[in-house]
Amino acid sequence: MQAWRVHRNGEPSEVMRLEETDRPVPGPRQLLLRVRAANVNFPDALLCRGHYQVRPPLPFTPGVEVCADTEDGRRVIATAALPHGGLAEYALADEADVLPAPETLDDAEAAALHIGYQTGWFGLHRRAALREGETLLVHAAAGGVGSAAVQLGKAAGARVIGVVGGPGKAAAARALGCDTVIDRHTDDIVTAVKDATGGRGADVVYDPVGGPAYAASAKCVAFEGRIVVVGFAAGDVPAPALNHALVKNYAILGLHWGLYRQKDPAAVRRCHDILTEYAAKGLIKPLVSERVAFADAASAVQRVADGTTTGRLAVLPGGPGAATGPAIAGPATAGEGEAAGSGRATGEDEAR
């Protein structure tokens with residue numbers, strides 16, 4: 001089969017290599033998956049750089065979430081079991097991390113549903129207890145993680161303010177349903193949030209960026225507001241002033257979705273059922289801005305690393321329609337599939 005592999009750490013465009021390799025062999029309680037679509041996440045770039053909290057042995061294949069077929073023909077979504085990630089024709093996944101793909105979403109959309117939306121749902125509902133009618137401030141609102149939070153906030157009945165960088169991303173945030181959009185390149189975030197809320201501030205802040213975004217959030221969070229720390233895409237891990245949280249009476253909440261996978265897997269499955277229902281009702285739909293040819297996967301990971309993308313990029317290992325036949329057939333053979341197509345760790349758990 002063909003797979004993108006990393007033999008040394010560095011920038012994705014420099015260290016990712018497309019190679020012929022053997023199909024991976026499942027271990028105990030693992031499944032072999034034929035990849036339909038792989039969603040590109042910011043942690044894929046961190047893995048390439050060697051900056052992620054998980055460091056798989058070299059060489060490894062990036063790609064932390066996929067839509068795929070199982071050996072018995074089920075269409076599923078899964079978090080791939082590294083070092084056999086999803087930027088390949090075949091990947092591995094632990095049985096516990098495999099969930100049915102929503103029928104209402106295509107392969108690229110389904111691949112982008114899992115981690116970002118689970119992170120958003122747990123952050124907004126389990127950690128921040130977002131209530132109908134509250135104001136939700138989402139940083140990087142046009143990105144993969146932020147766009148999920150925007151849609152989930154609207155589904156919960158919140159008023160959503162989105163912070164973006166540039167007019168193109170502002171247009172995407174409006175299309176996602178943001179009630180107010182702030183361009184951090186031209187607007188003062190604190191002033192704009194207070195103007196939009198009559199001076200009250202945001203009840204819940206969803207921050208996958210850190211750095212200056214967190215500093216602005218602390219200045220415009222409302223009385224009894226909640227700041228959900230999801231990650232540090234800006235590269236800077238802020239040091240909160242706890243005296244400031246005390247005198248303004250707000251909460252700082254961390255969200256590491258991976259811990260729910262470890263400590264409360266039943267909650268993850270319940271969340272998936274909720275997200276599937278939301279998708280069926282049209283309340284959420286992953287913003288897939290580009291479906292990328294398999295040969296261009298390294299470039300796609302680099303663009304996500306550079307923060308130049310909107311929404312999600314999905315890599316299609318076999319090209320459009322390649323995964324429409326039998327799921328997995330015959331033994332693995334070396335050289336098969338030749339025609340298939342020639343910072344810092346985030347706390348958002350594998351999502352940007």
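Values below: all heavy atoms of this structure, side chains included; hydrogens, waters and symmetry mates excluded.
Closest non-hydrogen pair, Pro24 versus Met1, comes out as CD-CE, 3.5 Å. Of all the heavy atoms in Ala111 and Cys67, the pair that sits closest is CB-N, 3.6 Å. When all heavy atoms are compared, the tightest approach of Ala149 to Leu124 is O-CD1, 3.8 Å. Residues Leu87 and Ala297 come closest through the heavy atom pair CD2-CB, 4.4 Å. Closest heavy-atom contact between Gly116 and Ala148: O-CB, 3.9 Å. Ala80 and Gly86 get closest at one heavy-atom pair: CB-N, 3.9 Å.
Arg74 has no carboxylate O lying under 4.0 Å from a charged side-chain N of Asp69, or vice versa, which leaves the two without a salt bridge. Ion pair Asp264/Arg126 flagged as a salt bridge, since at least one NZ, NE, NH1 or NH2 atom sits closer than 4.0 Å to an Asp/Glu carboxylate oxygen. In this structure, Asp203 does not pair ionically with Arg159, as no charged nitrogen and carboxylate oxygen lie closer than 4.0 Å. Taking the charged nitrogens against the carboxylate oxygens, Arg75 and Asp107 do have a contact shorter than 4.0 Å, which makes a salt bridge. Comment: Glu11 engages Arg49 in a salt bridge, judged by a side-chain N to carboxylate O separation of less than 4.0 angstrom.
Here CD of Glu71 is found 5.0 Å from CG of Leu32. Values are rounded to the nearest 0.5 Å. Rounding to the nearest 0.5 Å gives a distance of 6.0 Å between CG of Leu242 and CD1 of Ile252. Atom CZ of Arg17 and atom CH2 of Trp4 lie 10.5 Å apart (nearest 0.5 Å). One finds the CG atom of Asn41 at 10.5 Å from the NE2 atom of His114 (value rounded to the nearest 0.5 Å). Atom CG of Leu275 sits about 10.0 Å away from atom CG of Leu99, to the nearest 0.5 Å. Here the CZ atom belonging to Arg200 is positioned 12.5 Å from the SG atom belonging to Cys220, to the nearest 0.5 angstrom.
The side chain to side chain donor-acceptor pair (under 3.5 Å) test applied to Asn249 returns no partner, not counting sequence neighbours. Partners of Tyr260 according to the side chain to side chain donor-acceptor pair (under 3.5 Å) rule, which considers only residues two or more places apart in sequence or in another chain, do not exist here. Residues satisfying the side chain to side chain donor-acceptor pair (under 3.5 Å) test with Thr191, not counting sequence neighbours, are Asp188. Scanning for side-chain contact (heavy atoms from CB on, under 4.5 Å) contacts around Ala251 gives Arg226, Leu253, with sequence neighbours left out. The side-chain contact (heavy atoms from CB on, under 4.5 Å) search around Pro56 returns Leu47, Val54, Phe60, Leu82, Pro83, not counting sequence neighbours. For Arg5, the side-chain contact (heavy atoms from CB on, under 4.5 Å) partners at least two apart in sequence or on another chain are Ala3, His7, Glu19, Thr21, Pro59, Thr61. Partners of Glu290 by side-chain contact (heavy atoms from CB on, under 4.5 Å), not counting sequence neighbours, listed by chain and number: Val292, Arg303, Leu313. Applying the salt bridge (charged side-chain N to carboxylate O under 4.0 Å, His left out) rule to Asp179 yields the partners Lys154; only residues at least two apart in sequence or on another chain are considered.
Residues Val15 and Val315 share a single hydrophobic cluster, defined by chaining ILVMFWY side chains whose heavy atoms lie under 4.5 Å apart. Using a 4.5 Å cut-off between side-chain heavy atoms of Ile, Leu, Val, Met, Phe, Trp and Tyr, with links allowed through other members, Leu137 and Val190 fall into different hydrophobic clusters. In the hydrophobic clustering of this structure, Val288 does not group with Val304; members are Ile, Leu, Val, Met, Phe, Trp, Tyr whose side-chain heavy atoms approach within less than 4.5 Å, directly or through other members. Placement of Val6 and Tyr52 within a single hydrophobic cluster is found when ILVMFWY residues are connected by side-chain heavy-atom separations under 4.5 Å, directly or transitively. When hydrophobic clusters are built by joining Ile, Leu, Val, Met, Phe, Trp and Tyr residues whose side-chain heavy atoms come closer than 4.5 Å, directly or via intermediates, Leu31 is grouped together with Val35.
With hydrogens and angles disregarded, no donor-acceptor distance shorter than 3.5 Å links the side chain of Arg29 to the backbone of Asp94. With Gln302 contributing its side chain and Ser13 its backbone, the two residues share a donor-acceptor pair below 3.5 Å. Panel note: side chain Lys281, backbone Thr276; no donor-acceptor pair is recorded below 3.5 Å. A donor-acceptor contact shorter than 3.5 Å is absent between the side chain of Asp207 and the backbone of Val228. Looking at Gln118, its side chain never comes within 3.5 Å of a backbone N or O of Cys271 through a donor-acceptor pair. With Asp296 contributing its side chain and Ser299 its backbone, the two residues share no donor-acceptor pair below 3.5 Å.
Proximity of Pro102 to Leu113: side-chain heavy atoms (C-beta onward) are separated by under 4.5 Å at one or more points. Within the 4.5 Å cutoff, the side chain of Pro167 has heavy atoms near those of the Asp183 side chain. Considering only heavy atoms from C-beta on, Val138 stays 4.5 Å or farther from Ile161 through its side chain. Contact of the Arg184 side chain with the Ile189 side chain is registered, since non-hydrogen atoms from C-beta on lie closer than 4.5 Å. Contact check for Phe294 versus Leu18: side-chain heavy atoms found under the 4.5 Å cut-off. Annotation: side chain of Arg261 is not in contact with side chain of Pro265 (no heavy-atom distance under 4.5 Å). Looking at Phe42 and Val145, their side chains never come closer than 4.5 Å, going by heavy atoms from C-beta outward. Put simply, the side chain of Leu176 reaches to within 4.5 Å of the side chain of Gln151, judged on heavy atoms.
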Step by step, work out the side chain to side chain donor-acceptor pair (under 3.5 Å) result for Gln30 and Glu95. CA-CA 5 Å; Gln30 285 190 327; Glu95 290 178 348; over 6 Å; no
Please assess Arg291 against Asp106 for the test salt bridge (Lys or Arg N to Asp or Glu O under 4.0 Å), listing each intermediate value before the final yes or no. CA-CA 11 Å; Arg291 289 159 171 80; Asp106 68 22; 2.7 Å; yes
Report the C-alpha separation of Arg34 and Glu89 in whole Å, then their side-chain angles, then the decisive distance to 0.1 Å, and conclude whether the salt bridge (Lys or Arg N to Asp or Glu O under 4.0 Å) test is met. CA-CA 6 Å; Arg34 179 185 178 191; Glu89 292 183 289; over 6 Å; no
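Tested against Thr79 for a side chain to side chain contact (heavy atoms under 4.5 Å, CB included), the candidates Ile115, Val64, Val98 yield a single pass: Ile115.
Under the ring-ring contact (aromatic ring centres under 6.0 Å, His included) criterion, no residue pair touches residues 264-286, with sequence neighbours excluded.
Side-chain contacts under 4.5 Å among hydrophobic residues (ILVMFWY), followed directly or transitively, place Val181 together with Val164. Hydrophobic clustering, defined by side-chain heavy atoms of Ile, Leu, Val, Met, Phe, Trp and Tyr closer than 4.5 Å, groups Val247 together with Leu246.
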Can I get a per-line list of side-chain donor-acceptor pairs under 3.5 Å for residues 209-218, giving both atom names and the distance, sequence neighbours left out?
from: Ser217; atom 1: OG; to: His139; atom 2: NE2; distance (Å): 2.8
from: Ser217; atom 1: OG; to: Ala213; atom 2: O; distance (Å): 2.8

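Between the side chains of His84 and Tyr90, no donor N or O sits under 3.5 Å from an acceptor N or O. Checking Thr308 against Asp306 by side-chain atom types alone, no donor-acceptor pair falls below 3.5 Å.
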